[in-house]
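Just below is one structure, and these are the notes that go with it.
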Amino acid sequence: LLELRQMQKELEPETYSKYYNYDQLTDLLKSLAQKYANIANLTSIGRSVENRELWVMRITRDPTADGPGKPKFKYVGNMHGDETVSRQVLIYLLEYLLEKYGEEPRVTELVDSTDIYIMPSMNPDGFEKSKEEDCMGKDEGRNNAKNVDLNRSFPDQFEEIHVNAEEMPEVAAVMRWILQNQFVLSGNLHGGTVVASYPFDDSAAHDNEGTYSRSPDDALFRYLARVYAENNPVMKTGQPKCEENINETFKDGITNGAKWYDVAGGMQDFNYLKGSCLEITMELSCCKYPPSTQLKTEWDNNREALLAYMEKVIHIGVRGFVRAARNDAPLADAVIMVAGINHKVSTSRFGDYYRLLLPGTYNITVLAPGYVWYIFMRENCMCGFYILRTNPATLSIPESPTETSVNSAIQPQDFRHHHYNDMELFLQKFSSEYSSITRLYSIGKSVQERSLWVMEISNNPGVHEFGEPEFKYIGNMHGNEVVGRELLLNLIEYLCRNYGTDPEITQLINSTRIHIMPSMNPDGYEVSQEDISGVQGRNNTNNYDLNRNFPDRFNFVTDPRQPETLAVMNWAKSYPFVLSANLHGGSLVVNYPFDDNPDNVSRYSKSSDDDVFRMVALAYSQENSQMYDGHSCKGMDLYQEYFKDGITNGAEWYNVHGGMQDWNYINTNCFEVTIELGCYKYPPAADLPKYWERNRRSLLQFIHQVHRGVKGVVIDSKDGSGIPNATITVDAINHPITSNFAGDYWRLLVPGKYHLTASAQGYSSVSTFVNVPKEGVEIVNFTLNRIHSYTNGQTTEDTTPVLDPSVKEFQSLIKQLSGESGLDKLIKDTPTQSSFRYRCYSEVSEFLRGLTLNFPEITSLQSLGQSVEFRTVWALEISNNPKVQEPSEPKIRFVAGIHGNAPVGTELLLEFAASLCINYGKNAAITRLINETRIVILPSINPDGRELAKEKDCTSTAGKTNVHGKDLDNDFFEPQPETRAVMDLIQERGFTLSVALDGGSVLVTYPYDKPVQSVENADTLRYLATVYANHHPKMHSGDTGCPNSQMGTIPNGVLRAAEWHSHMGSMKDFSVDFGHCPEITVYTSCCLFPPAEMLPTLWAENRKSLLSMLVEVHKGVRGVVKDKNSKPIVGAIIVLNGGVRVFTSEGGYFHALLAPGLHNIEAVADGYQQQSQKVSVSPFEAASSIIIEFDMENDIFGLPRELVVASAAAAMTALVVTACIIWCICSAKSNRQKDGFHRLRQYRDDYDDEIRLMSMGSKKSLLSHEFQDESESEEDTLYTNKL
């Protein structure tokens, strides 16, 4: 009875005159759920930043059970915390539905037939900060508690947006909710004007306004938006008359989102593209947070619109079930496609589907793995599909319509040779016409500056979808072999025109990210001519064969790496490609690795995956009957070759050194073959249709092969995140592959039983057996446990301190920036607009002063000293608190200009400093990096030499030395003024990492410069250099491209310095030996002093690498050393892997960079027991943080402390007793004392010996202490003066 009374008290009649805060809302929702338990169920889908529940009320008959037959609908309100009308009207709506159920037939039917979900507040934290009657949203509250706009934070089709669950848990929770439930229709309620906005919310151009961004369901969206607008008396006028924009109008009260204004990362587009849910955004009132007295009016204006909009989920379109014909079993995840509308929906786990459509007649295609069916549908139809099983791997496309196939595939119509401009227009045309499934991008340029175009085709272009394999085709590598170029253009047209109508094409595009490069050698193509076997145009403009230009495992390739080659190498390492083919001409065969052998003879050169290569090669050749026949070029006397089944091992055919397919297999996770398409390299255009017809099925079937073998994800058991760069090995196959950044992996295998092992640095390995099926792919996921730290041989619990949210947020940022495209996105978000030029000393000084004047809160300029000619050696510090020492933060040093004749580094560092300062406070990542790092920039160590250097002189030594003729990088033994200034900086401040920029090549070197010095931490130093090189577009290839280079190819673009130019007295050696700081030297350009026009290019090449160092300095291992009483221990020695030492600073802090892997850490301090731990370092995560706690040393001189203390006490007692006895004896003899003197020693040498042992005091002071003069006699004064 008490509970009933309490419930009645809580559920007082709604007054429509007050706002509910979070606690009141929670109480109300719980009371409603309890009272109407038969139709209401309250759940939370997650929590906000400030730990408030994200409540969702589910309203339907039997609300705790899931079943088929009811479409799911949702309303979301209060996404912006200060737009509060939405929150209140949704409260009123759910009260209305619950109260009127069983009373009003309209409400009863809606609740019985629909699964309704209502979320009154997506941003409860923001609401709590908002203020009533704030109509413009001037006060806090719009964004969440981390100041994130939730409606700009969803993944976007036109812009890469990373969802950080730490910063925006509300977005992560809603995304999870959307993807787990197959909602059919949705409304997102906002405030600020009165209009219904529909997708798309942004466009590829991201114009601020005026660009209509049309979705495939544009007409349907307009209709749905009008349903809402027509039922709202204010909205339907199209004239909201809001004070902020009194003249703003919307025809019919609706607008396309992007045409109104561009919103990237909006929720409604995510619903449509990822959740297959149609959502529009309703703006309900001009005032965002109107006075509560207005709430009744707002409810009256929106009640009918809210109901009418919901009813459309059951009254328009087509719905039904998909079942298997043989056993009537429901088919989950079957795809429902409508011809002419490029947007799919899928069935639920019960086999039911709902596809909203406007009245009309439609061609509906249902696609399920192993099934296919076509059927005509009409409006408002409850339609069931019984679909017949087929074999998807051998699915054939009928030549003409039959009873079961209404439409045949659309074939390419325009067969001709496309020269470069023609090809470029072709690609741009299809990219524009099919923008929802294509993305046109360039990976670089040819020698003659032609773009190397790639067309991506995917249902979500521009985004790597988790678990989806990536595939590539490359054509026209030899410019005069043109068939591949034209076939790939045909393939692009075929895929685009048949998506959504052809089941095979649709499935292929939905499940694969396909990249097609029609021409790798556009320059060569332009000079080629129709010919059978000629060579004109085969090579690039520099006359190098691109298929002999890649690094080779057996033979050293001496030719300089070409821009086309470098572009493809960078491309191949930037995407997780699984399978690839390189299309050639001149024969008719599929050629697979290896292409050469050590002996350079024609014999079979088997790879570890020979069976896999044979499988994928046969998949292509079997679909081309002429190729499969094996007689490649019948009727051509010059070519009497025979290839069994139309395939061959490359080296068995003939040796190719420096080939692309072998490089792919050895250096990436990608398996590549070379396909020779015909004996005529440049056939007449009239023959092109024949080539298409012979190869169409082969091209498709080869793409299907990317879905063979095993795939899955490697997961961290601790937090469920994917583990990047994990290694997957297969017993008996010596070819490991690695996981992608998100932890997903793909491993091609032929059918059979295998033993797989997944391992990652810092984790325990996991193995399993797997059976690979004859068709399709087997999913194998691995969950790895982190290796715990070991202290003094004992396993310990996780010693990582409990992290506050801010620290976890920063760690997440480091992981994000270390990912596949993290730095690329950062660069994209922080464009620079500088006009590059070389600055003389005075201009450099003024530039630095300008930074401190414009950004005083984050910069500090310090003079380290002066050069020989009295020019200042400047050091600029960038930090959120530059004048205060913060020992817990890592410090990084960037240095340039040690050689005055190589000033590129100076200009790069000045631009780097400016970009950091300008983006501070504007870009979240840059701001956080500066807040967490102490950055010190020395732009010019040798300002005198710089004044003497000559621009555009690539080899001149003028200005290399200082004015005394000293090479400063040989002078860290007997220093000049310039080097003395830098030495003091290195020794006085504890740096974690140093990066020096120089010129004369394109590579990175690491210590030592000394010719015979061993390197204790070579792995770490080499790793740091490799990180810089890997983020540089050219450096990592190892080909410097410099004229007269004697080094040839340098592995990964990294060398130990002594192997480059060995010498003594270098800055990097001094930094390592005396500053305990690793330093790498970056050679930025072949030319020492290139023209100023080259500076923008050099900046673009090095910017990402410089930023990577700011990220890298936060990795390795860090921690604090303290005693049992938590008192920090300063000066403790941290020994890394038994060699390199660092020292704890104020507060007991230490930080050391280490290569990824497991490392031994030992801590030593006087008077304490030595401590040791093993720590794991990841290449993607912020530094492992550890706490080292010392115990007092128990042993002294190898004996127990108690025994030593007792012995010492006894000895001291004995000494005191002995001293007393001696004193008594001496006192008895004191009668001989005369004139106030104690007797002096007789020999002066005794004094000299003692003096030499003293570090302070004169001889007189020694005498005055040694001999006690009690009488101050003249004799005493005379004696001491003589001394």
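Here the structure is a predicted model, which means the values were calculated and not measured. What's counted below: heavy atoms across the whole structure, side chains too, no hydrogens, waters or symmetry copies.
For Ala896 against Thr906, the heavy-atom pair with the smallest separation is CB-N, 3.5 Å. The two residues Thr1084 and Leu1098 come nearest to each other via the heavy atoms O-CD2, 3.7 Å. Listed here is the closest heavy atom pair of Val148 and Met168: CG1-CE, 4.0 Å. Looking at every heavy atom in both residues, His1151 comes nearest to Ala1183 through NE2-CB, 4.1 Å. Contact between Pro939 and Leu910 at its shortest, heavy atoms only, is CB-CD2, 4.0 Å. Between Ser739 and Ile723, the shortest heavy-atom distance links the atoms OG-O, 2.7 Å.
Residues Ile1186 and Phe1150 have side chains in contact (heavy-atom distance under 4.5 Å, counting atoms from C-beta outward). Inter-residue side-chain proximity for Glu1189 and Gln1171 is flagged as unmet; no heavy-atom pair is nearer than 4.5 Å. Contact check for Ser1108 versus Leu823: side-chain heavy atoms found under the 4.5 Å cut-off. Counting heavy atoms from C-beta on, the side chains of Lys891 and Leu993 never come closer than 4.5 Å. Contact of the Lys1104 side chain with the His1032 side chain is not registered, since no non-hydrogen atoms from C-beta on lie closer than 4.5 Å. Residues Phe1074 and Ile986 fail the side-chain proximity criterion, which asks for heavy atoms closer than 4.5 Å. Using a 4.5 Å heavy-atom cutoff, the side chains of Met1067 and Ser994 are not in contact.
Separating the OG1 atom in Thr933 from the CG atom in Asn931 is a distance of 8.5 Å, to the nearest 0.5 Å. Put simply, OG on Ser1172 and CD1 on Ile1161 are 10.0 Å apart, with the number rounded to the nearest 0.5 Å. Remark: Leu861 CG to Thr872 OG1 distance equals 9.0 Å, nearest 0.5 Å. Rounding to the nearest 0.5 Å gives a distance of 11.5 Å between NE2 of His1061 and CG of Asn970. Taking NZ from Lys573 and CG from Asn667, the interatomic distance works out to 5.5 Å, rounded to the nearest 0.5 Å. The CG atom of Leu1107 sits 6.5 Å away from the OG atom of Ser915 when rounded to the nearest 0.5 Å.
Glu166 has no carboxylate O lying under 4.0 Å from a charged side-chain N of Lys146, or vice versa, which leaves the two without a salt bridge. Ion pair Lys828/Glu159 not flagged as a salt bridge, since none of the NZ, NE, NH1 or NH2 atoms sits closer than 4.0 Å to an Asp/Glu carboxylate oxygen. The residues Arg1056 and Glu1059 are annotated as not salt-bridged, no charged nitrogen and carboxylate oxygen being separated by less than 4.0 angstrom. Using a 4.0 Å cut-off between a side-chain N of Lys or Arg and a carboxylate O of Asp or Glu, Lys1010 and Asp1073 qualify as a salt bridge. Ion pairing of Glu1181 with Lys1115 is absent here, as no side-chain N (NZ or NE/NH1/NH2) approaches a carboxylate O to less than 4.0 Å.
For the pair Arg786 and Tyr763, the NZ or CZ position fails the cation-pi test of under 6.0 Å to the six-membered ring centre and within 45 degrees of the ring normal. Relative to the six-membered ring of Phe847, Arg839 meets both conditions, a distance below 6.0 Å and an angle of at most 45° to the axis.
A side-chain donor-acceptor contact under 3.5 Å links Thr859 to the backbone of Phe855. For the pair Asp1123 (side chain) and Lys1127 (backbone), a donor-acceptor distance under 3.5 Å is present. Side chain of His1031 to main chain of Met1109: no donor-acceptor pair is present (N/O by atom type, distance under 3.5 Å, no hydrogens or angles). When atom types are taken as modelled, the side chain of Asp1069 and the backbone of Tyr1008 share no donor-acceptor pair closer than 3.5 angstrom. Looking at Asn740, its side chain never comes within 3.5 Å of a backbone N or O of Gly743 through a donor-acceptor pair. Remark: side-chain polar atoms of Asn1052 are not paired, donor with acceptor, to backbone N or O of Thr1026 under 3.5 angstrom.
In this structure, Tyr1006 has no ring-ring contact (aromatic ring centres under 6.0 Å, His included) partners at least two apart in sequence or on a different chain.
Trp1099 and Phe836 have tilted rings, their planes meeting at an angle from 30° to 60° on a 0 to 90° scale. Between Phe972 and Phe1070, the ring planes are tilted. Angles from 30° to 60° get that label.
By the 6.0 Å contact criterion, CZ on Arg1103 is enclosed, its count of non-hydrogen atoms from other residues, nucleotides or ligands being greater than 12. With a 6.0 Å radius and a threshold of 12 heavy atoms from other residues, nucleotides or ligands, Lys815 has its NZ atom above the threshold. Atom CZ of Arg1141 has 12 or fewer heavy atoms from other residues, nucleotides or ligands within 6.0 Å.
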Walk me through it: do Ser845 and Trp874 pass the test side-chain hydrogen bond (donor to acceptor under 3.5 Å, both in side chains)? CA-CA 8 Å; Ser845 299; Trp874 294 112; 3.0 Å; yes
Start with the C-alpha gap between Asp971 and Thr979, add the side-chain angles, then the distance that decides, and say whether side-chain hydrogen bond (donor to acceptor under 3.5 Å, both in side chains) holds. CA-CA 7 Å; Asp971 195 57; Thr979 47; 3.1 Å; yes
Report the C-alpha distance between Arg980 and Val982 in whole Å, list the side-chain angles of each, state the deciding distance to 0.1 Å, and finish with yes or no for side chain to side chain contact (heavy atoms under 4.5 Å, CB included). CA-CA 5 Å; Arg980 168 51 64 193; Val982 179; over 6 Å; no
What do the steps show when you test His899 against Asn942 for side-chain hydrogen bond (donor to acceptor under 3.5 Å, both in side chains), and what is the final call? CA-CA 6 Å; His899 294 131; Asn942 184 4; over 6 Å; no
Go through the steps to decide whether Thr992 and Cys1077 satisfy the test side chain to side chain contact (heavy atoms under 4.5 Å, CB included), and finish with yes or no. CA-CA 6 Å; Thr992 308; Cys1077 170; 6.0 Å; no
Ring pair (Phe, Tyr, Trp, His ring centres under 6.0 Å) between Phe741 and His464, worked out: CA-CA 10 Å; Phe741 176 68; His464 170 74; over 10 Å; no
For Leu1110 and Ile935, run side chain to side chain contact (heavy atoms under 4.5 Å, CB included): C-alpha distance rounded to whole Å, both residues' side-chain angles, the deciding distance at 0.1 Å, then the answer. CA-CA 8 Å; Leu1110 280 187; Ile935 306 163; 3.7 Å; yes
Asn785/Ser764 under side-chain hydrogen bond (donor to acceptor under 3.5 Å, both in side chains): CA gap, chis, key distance, verdict: CA-CA 6 Å; Asn785 295 316; Ser764 299; 5.9 Å; no
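Tested against Glu889, the residues Arg1118, Arg934, His1114 include a single side-chain contact (heavy atoms from CB on, under 4.5 Å) partner, Arg934. Checked options Leu1003, Thr1081, Val1082; the residue passing with Tyr1028 is Val1082 (criterion: side-chain contact (heavy atoms from CB on, under 4.5 Å)).
Side chains of Glu1112 and Tyr1023: a donor-acceptor N/O pair is present below 3.5 angstrom, by distance only.
In summary, the aromatic rings of Phe894 and Phe912 are positioned with their centroids under 6.0 Å apart.
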